[in-house]
Every structure is written in structure tokens, then in C-alpha cells.
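What follows is a set of notes on a single structure, which appears directly below.
All residue numbers in this chain count up from 1 along the given sequence.
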Amino acid sequence: QVQLVESGGGAVQAGGSLRLACIVSPHVGSIPYVAWFRRAPGQEREGVAAIATTPFATYYADSVKGRFTVSLDSAKNTMYLEMDSLKPEDAAMYYCAARTFPGSLRAVAAPLLAGNYNAWGQGTEVTVSS
């Protein structure tokens with residue numbers, strides 16, 4: 001059974017940076033897709049960034065391209081989300097997720113769709129003040 005634990009959230013001023021971490025157990029390398037999602041109050045959950053582990057590929061929402069970077073440290077079983085140039089609209093609860101079903105997601109947008117993931121962490125909150 002996959003378990004995910006997020007950390008790294010906090011309060012930051014607009015223009016600042018944060019790095020979120022998600023420890024994935026038992027082993028992140030055996031999971032086809034891992035991803036970051038977020039949900040702001042009153043809004044729907046949004047896919048932020050995702051990683052396909054084999055072959056390796058990354059995916060980003062248009063709203064964070066050029067500002068956020070998703071990465072994977074297989075030795076530490078940890079996925080990171082480096083968030084730079086943060087904006088007030090980035091404030092949300094951030095969740096990491098895993099898709100453990102075998103096979104590739106064919107649609108381009110599929111790695112950022114919440115319905116394609118079957119394991120979720122508890123979330124870590126990010127607050128951005130203007």
C-alpha cells in the first residue's frame with residue numbers, strides 16, 4: 001500500500017519561494033506516476049505538476065510553468081516541488097498523489113487529472129501574502 005507524506009508548506013510573501021517534499025513509500029521508483037495537486041478555498045482541485053517515472057517525463061499546469069519545478073530523488077523516495085516567484089493565487093492546500101496502476105496515460109493532460117490517481121497524502125498548506 002502506497003503512503004505519501006507532504007511537508008514544506010508555510011507562509012511566504014509574494015515573489016518568494018518554497019520547496020515542498022513528498023515522501024513516497026514503499027518505493028517511488030515502482031510507481032508509474034506521482035504528482036502535485038492543490039486546492040484553494042472554494043475552488044476545485046487543480047493539477048500542478050506531475051512526473052512519469054518510466055520513461056521519465058514531467059508535466060506542468062500552464063499557471064505554474066516557468067515558476068515551479070518538480071523533481072524526484074529515488075534514493076530518498078521523495079518528490080519535490082520547488083516553487084519560485086510565488087503569487088497570492090498560488091495559496092492553497094497542496095497534495096501529493098500517486099497512480100499505482102500499470103501502463104501509460106495517453107492523453108496529454110491526463111497526468112494532471114485527479115481522477116487518474118488512487119493514493120493521496122494529507123496535504124501541506126501554502127500561504128502567499130501580497
Quiz prompt | Listed partners of Tyr94 passing side chain to side chain donor-acceptor pair (under 3.5 Å), at least two apart | solution = Arg38
Quiz item: For Asp73, what residues pass the side chain to side chain donor-acceptor pair (under 3.5 Å) criterion, not counting sequence neighbours?
Solution: none
Quick one: closest heavy-atom pair of [X] and [Y], and the distance?
X	Y	value
Glu44	Arg39	C-NE, 4.2 Å
Ala49	Leu81	CB-CD1, 4.1 Å
Ala14	Ser130	CB-CA, 4.2 Å
Leu4	Ala97	CD2-C, 3.9 Å
Glu46	Ala61	OE2-CB, 4.4 Å
Thr78	Ala21	CG2-CB, 4.0 Å

Please set out all donor-acceptor pairs under 3.5 angstrom arising from side-chain atoms of residues 65-72, sequence neighbours excluded.
| from | atom 1 | to | atom 2 | distance (Å) |
| --- | --- | --- | --- | --- |
| Lys65 | NZ | Asp62 | OD1 | 3.2 |
| Arg67 | NH1 | Ser85 | O | 2.9 |
| Arg67 | NH1 | Asp90 | OD2 | 2.7 |
| Arg67 | NH2 | Ser63 | O | 2.9 |
| Arg67 | NH2 | Asp90 | OD1 | 3.0 |
| Arg67 | NH2 | Asp90 | OD2 | 3.3 |

Self-check item: Derivation and outcome, side chain to side chain contact (heavy atoms under 4.5 Å, CB included), residues Ser17 and Asp84
Solution: CA-CA 4 Å; Ser17 299; Asp84 298 319; 2.8 Å; yes
Which side-chain N or O atoms in residues 102-115 pair as donor and acceptor under 3.5 Å with protein atoms at least two apart or in another chain?
none

Quiz item: Under a 4.5 Å cut-off applied to non-hydrogen side-chain atoms, are Trp36 and Leu20 in contact?
Solution: yes
Quiz item: Around Gln3, counting heavy atoms of other residues, nucleotides and ligands shown, do more than 12 lie under 6.0 Å from its CD?
Solution: no
Practice problem: Evaluate the side chain to side chain contact (heavy atoms under 4.5 Å, CB included) criterion for residues Cys22 and Val24: first the C-alpha distance (whole Å), next the side-chain angles of each, then the deciding distance (0.1 Å), finally the verdict. | Solution: CA-CA 6 Å; Cys22 175; Val24 184; 3.9 Å; yes
Quiz item: Is there a chain of hydrophobic side chains (I, L, V, M, F, W, Y, each step under 4.5 Å between heavy atoms) that links Tyr80 to Tyr60?
Solution: no
Quiz item: Do Gln13 side-chain atoms and Ser129 backbone N/O form a donor-acceptor pair below 3.5 Å?
Solution: no
Quiz item: Would you find a donor on one side and an acceptor on the other, under 3.5 Å apart, between the side chain of Glu6 and the backbone of Gln122?
Solution: yes
Practice problem: Determine, stepwise, if the pair Val28 / Ile51 fulfils side chain to side chain contact (heavy atoms under 4.5 Å, CB included). | Solution: CA-CA 11 Å; Val28 69; Ile51 291 177; over 6 Å; no
Quiz item: Please, which pairs that meet ring-ring contact (aromatic ring centres under 6.0 Å, His included) have at least one residue in residues 95-130, sequence neighbours excluded?
Solution: Phe37-Tyr117, Phe37-Trp120
Exercise. Among residues two or more places apart or on two chains, list those pairs meeting salt bridge (Lys or Arg N to Asp or Glu O under 4.0 Å) that have a residue in residues 116-130.
Key: none
